[in-house]
Amino acid sequence: MTVDGTCSPGFEPLHDLLVTNLADGADIGASLAVVRDGEPVVDLWGGQARPGAAWERDTIVQVWSVTKTMAALTALVLVDRGVLDPDQPVSSYWPEFRDGRVLVRHLLSHTSGQCGWTEPLTLDGLLDLEHANRLLAEQDPWFEPGSASGYNMICYGHLVDGLVRGATGRPLSELFADLVAKPLGADFHLGVPDDAMDRCADLVPPPPGGLDTSALPPDNLLIPTLVNPVLDLEGCNRPSWRRVSVAGANGHGNARSIARVNSVVSHGGEVDGVRLLSEQTISRVLDVQADGPDKVLMVPMRWGLGFALPQPLSAPAVPEGRVCWWTGYGGAVVVNDLDRRVTVAYAMNRMVDHFTSSERTDAYLRTAFECLEASA
């Protein structure tokens, strides 16, 4: 398998790992990026985007919950500009949001209790953002807001969309494009435009049977988030799904664009002279909002404002320190290391059984940070 792109001296093991994974089928098509101290020291891609179509430099792919970092960063830019206050009730910006106990920081850190939809929701209803947002605004939280985390698996983007629409009158997808992606020149999309559809790689679903539902406790919150609505993984390759901004799950980009945007956090709020966040706002990202068993993921999680923080039991390859990260179903990941001024990103189309960690993704992260240590 041919791997294209650039790789600085000292990062050859990361290049070789991608070559190996493409050759033995662990990856079908993928991209890797590492930004260190403002420089892209790794920008690699290779394999197939679709049967018969090579993964090119500008190929983009759905990265599932890595999309949440884009939604969170958009909200954080609004926090930095004084449009949003993390300690104010969501209802002060979104009047239709019924529960006044839920604060903006609860919503951004998965501690709002709004893990999914209580009312039955179809896929068409999910894609009708204002309808789906309204259902969330009118329902009761599934647990006491602020008391624990309960991962907002699909609805996170809807919640942030409702919040920023209420505060600004504009949808999240537009604000992300205007406040984040365009200023940074990042090829990441909350809703793929028609002229970029032919650049999308097709997702390859993981083998069935990765989750043993019979082993779950009867009062678990994971199943209610997964089945309402049930997402058709094959359907995620259709333009009708790609076109709409489901900003908790269906953002499209590649490792380069993910690392470019997220390096704002690892680089003190500024990238190539474009400042999006202050040091004060970044420090709030690292403020612990919840630390313990997540009521949906059912593994220990430590959440900051908009990002997960290091937790060895759920993400053993994410380094300790002033680090924030998140990952996507199937394996995509981004890690921001503020002490090293480093962002590492991986995006691919072959999904594996991965919620917060998996062997393939962990190997990329460990190799990247070993290379960083060796070349420091």
Side-chain angles (χ1 to χ4, degrees), residues 67-119 121 126 128-180 190 245-248 264-265 269 276-290 295-296 303-308 324:
T67 311
K68 293 179 174 69
T69 67
M70 308 301 174
L73 280 167
T74 307
L76 289 167
V77 171
L78 295 177
V79 167
D80 204 75
R81 298 184 180 190
V83 178
L84 295 173
D85 182 341
D87 299 311
Q88 289 298 308
V90 170
S91 58
S92 64
Y93 304 102
W94 185 2
E96 295 80 13
F97 197 90
R98 191 172 72 183
D99 197 307
R101 298 171 298 170
V102 178
L103 307 181
V104 170
R105 59 183 174 86
H106 294 152
L107 189 151
L108 294 179
S109 61
H110 302 270
T111 61
S112 67
Q114 298 280 22
C115 308
W117 285 269
T118 302
E119 292 294 320
L121 189 66
L126 180 78
D128 182 346
L129 297 187
E130 294 190 53
H131 167 72
N133 294 358
R134 185 170 61 253
L135 292 181
L136 291 169
E138 294 174 351
Q139 72 185 32
D140 292 327
W142 293 4
F143 58 85
E144 176 71 25
S147 64
S149 70
Y151 184 49
N152 305 160
M153 188 173 292
I154 303 299
C155 69
Y156 187 85
H158 290 77
L159 290 167
V160 178
D161 182 64
L163 172 68
V164 302
R165 281 179 192 259
T168 69
R170 300 179 63 197
L172 173 63
S173 57
E174 287 185 9
L175 288 167
F176 168 74
D178 290 347
L179 301 182
V180 179
L190 300 183
S245 170
V246 181
V264 167
V265 179
L276 296 186
L277 301 175
S278 65
E279 290 283 0
Q280 180 180 6
T281 300
I282 291 174
S283 69
R284 294 215 62 167
V285 171
L286 301 178
D287 285 344
V288 178
Q289 303 295 315
K295 289 180 175 291
V296 171
W303 290 104
L305 195 65
F307 289 81
C324 63

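Since we're looking at a predicted model, the values are computed, not measured.
Crowding of E144 atom CD: a count of heavy atoms from other residues, nucleotides or ligands under 6.0 Å exceeding 12. The environment of CD in E138 is crowded: more than 12 heavy-atom neighbours from other residues, nucleotides or ligands sit within 6.0 Å.
Of the residues L276, L73, L78, the one that meets the side chain to side chain contact (heavy atoms under 4.5 Å, CB included) test with L179 is L78.
For T74 (side chain) and M70 (main-chain N/O), a donor-acceptor pair under 3.5 Å exists by modelled atom type. Counting only distance, with no hydrogens or angles, the side chain of Y93 and the backbone of D85 share a donor-acceptor pair below 3.5 Å.
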Does the pair L172 and R165 meet the rule for a side-chain contact (heavy atoms from CB on, under 4.5 Å), with working shown? CA-CA 7 Å; L172 173 63; R165 281 179 192 259; over 6 Å; no
Working note: W142 + T118, criterion side-chain contact (heavy atoms from CB on, under 4.5 Å); need CA distance, chi angles, decisive distance, verdict. CA-CA 9 Å; W142 293 4; T118 302; 2.9 Å; yes
side-chain contact (heavy atoms from CB on, under 4.5 Å) between V77 and V180, intermediate numbers included: CA-CA 8 Å; V77 171; V180 179; 4.2 Å; yes
Stepwise side-chain contact (heavy atoms from CB on, under 4.5 Å) test for L84 and L163: CA-CA 9 Å; L84 295 173; L163 172 68; 4.0 Å; yes
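A salt bridge does not link R134 with D128: every distance from a Lys NZ or Arg NE/NH1/NH2 to an Asp or Glu carboxylate oxygen is 4.0 Å or more. By the 4.0 Å N-to-carboxylate-O rule, D140 lies close enough to R98 to be salt-bridged with it.
With values rounded to the nearest 0.5 angstrom, R284 atom CZ is found 10.0 Å from L76 atom CG. To the nearest 0.5 angstrom, R101 atom CZ is 11.5 Å from S91 atom OG. Distance check, rounded to the nearest 0.5 Å: OG1 of T111 to CG of N152 gives 8.5 Å.
With contacts defined as side-chain heavy-atom distances shorter than 4.5 Å, the pair L286/F307 does not qualify. A heavy-atom distance below 4.5 Å is found between the side chains of W94 and N133. Inter-residue side-chain proximity for Q139 and Q114 is flagged as met; some heavy-atom pair is nearer than 4.5 Å. When side chains are defined from C-beta on, D161 counts as touching P171, because their heavy atoms get closer than 4.5 Å. P89 is not listed as a side-chain neighbour of F97, based on a closest heavy-atom distance of 4.5 Å or more. Looking at V160 and V164, their side chains come closer than 4.5 Å, going by heavy atoms from C-beta outward. Residues W117 and H158 have side chains in contact (heavy-atom distance under 4.5 Å, counting atoms from C-beta outward). In this structure, the side chains of Q289 and R105 come closer than 4.5 Å at one or more pairs of heavy atoms.
Cation-pi geometry between K295 and Y151 is not met: the NZ or CZ atom fails to fall both under 6.0 Å from the ring centre and inside 45° of the normal.
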